[in-house]
Amino acid sequence: MFWNKEKETMSRKEIENLQVELLKEKIEYAYNNVPFYKKKFDEYGINKSSIKTIEDIQKLPFTTKTDFRDNYPFGLFATDMKKIVRIHSSSGTTGKPTVVGYTKNDLDVWSELVARIASYAGVTDEDIVHIAFGYGLFTGGFGLHYGLEKIGAAIVPASSGNTKKQIMLMKDYGATVLVCTPSYALHIAEVAQNEGLDVNKDLNLRIGMFGAEPWSNQMREKIEQALGVKAYDNYGLSEVMGPGVSGECEAQDGMHIAEDHFIAEIINPETGRWVKEGEYGELVITPLTKEALPVFRYRTRDITKLTSKPCSCGRTLARMYKPIGRTDDMLIIRGVNVFPSQIEEVLFSIDGISPHYQIIIEREGALDTATVLVEANANLFFDEMKKQRQFLDRINYELKTTLGLDVKVKLVEPHSIERSEGKAKRIIDKRKF
Ligand code: DLL
């Protein structure tokens, strides 16, 4: 379903012309309002006339998470506090959180773009939407909330936690759309089943809008089966706005990027240069309309690929494919580069494994080792050693043939891996640096 057909179907030329104009304006705006960018642009000899075509964006320096940290908390803001009406932040695993601010106008754009991705997924003003993202500093709860409100849907701002109560609310209020992380969706399904609910009879869900963490297509199938929904992916990050940067349409062949508000590039993370369209690399995003916090060429660390080919849905906005991991997530195990998502794909293709797993990384001498903890389904015979052995051999074999990697696999009791209410913690890194 189109939300803003004019913007969703611009020609490539129109998109690029608009991006060039907005980028020039933003460069001037940031130069005049953010000392950090004034200094950087002077250093690189950049001003708005440096940009003539979209390729010229490559002249600009990158912005990284470290730049946010170095300017903690408000050093990158372009407006004074009088104009700031909201602050969010994202906590990394180390150091200070990244702080982001929004003007009234930024919030309007944000809800417009979230309304857009929700309508890609088919959400309408007739839906009852259960939002189980945390409401707080995390951009997920509030971000989805105001976008869906703009569509006119009835929102149940359940926030995260207390899964049994969430299920009761979904059942009693007849929620038709569930919004949360994919890992929490699976947890909800598991608890509902334990409570003796038949999701097809007792719940009324039809759409799931899931995002905020990587998830494979295999996981999508599991969620769709377990909850009786059609599951749509959506992507975003706080540094450039939050959710609403991109989302899947009915074709589910990549997520359409709101290119009238963002420029997306894919670079080789080592050289910083553009890769060819369709090749995997690191996603770099430049928001074009942010007032409170203009950012240029933000290095997301997410590994994905782009296509600007027209989509069967009729939209012309470029699409990014499911991120397969993050540059800081990549494991090098005995010389083989692997992302947790590749391990997930293998695990989820094997019957008898419940969709909950964790990867423990340790260091033995100079080598990194990985142990995959896999939860067996309750109906797997735990007391039958031979069957267990065969099952483990099968998982080892599949991992080895698909990834070329010999990893240790350990079966653990059903329900022993911690369930997440937000972003799942898939990797436990025990290495000491
Ligand atoms: O996770 C924003 C968001 C909220 C997106 C709700 C979608 C739905 P941050 O907490 O700043 O913002 O985390 C951003 O999460 O760089 C990716 O690594 C990851 N991520 C977000 N969406 C997806 C997705 C929100 N659909 C970081 N697939 C990003 C894979 C995702 N990874």
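In this chain, numbering begins with 1 at the start of the sequence shown.
- In this model, a donor atom of one side chain and an acceptor atom of the other lie less than 3.5 Å apart for W3 and E112.
- Figure legend: cation-pi geometry between K40 and Y37 absent, as NZ or CZ is not positioned both under 6.0 Å from the six-membered ring centre and within 45° of its axis.
- Residue Y321 is tested with T304, D253, T307 for a side-chain hydrogen bond (donor to acceptor under 3.5 Å, both in side chains); the sole match is D253.
- Here the side chain of E259 pairs a donor or acceptor atom with the backbone of A318 at under 3.5 angstrom.
- In this structure, the side chain of D106 engages the main chain of A292 through a donor-acceptor pair within 3.5 Å.
- Tested against E248, the residues K230, R220, K322 include a single salt bridge (Lys or Arg N to Asp or Glu O under 4.0 Å) partner, R220.
- Checked against the 6.0 Å centroid criterion, the rings of W110 and H88 qualify as a close aromatic pair.
- A donor-acceptor contact closer than 3.5 angstrom links the side chains of S308 and E277.
- Taking the ring centre of F296 as origin, the terminal cationic atom of K26 falls outside the region bounded by 6.0 Å and 45° from the ring axis.
- Taking the centre of each ring, F68 and Y298 come in below the 6.0 Å mark.
- Judged purely by atom type and a 3.5 angstrom limit, Q19 uses its side chain to pair as donor or acceptor with the backbone of F262.
- Taking Q166 as the reference, H130 meet the side chain to side chain donor-acceptor pair (under 3.5 Å) condition, with sequence neighbours excluded.
- Between Y232 and F210, the gap from one ring centroid to the other reaches at least 6.0 Å.
- Between S111 atom OG and L144 atom CG the span is 11.5 Å, to the nearest 0.5 Å.
- Between the side chains of D127 and T176, a donor-acceptor pair is found at a separation under 3.5 Å.
- A cation-pi geometry, defined here as NZ or CZ lying under 6.0 Å from the six-membered ring centre and within 45° of its normal, does not hold between K423 and Y184.
- With ring centers used as reference points, F142 lies under 6.0 Å from Y135.
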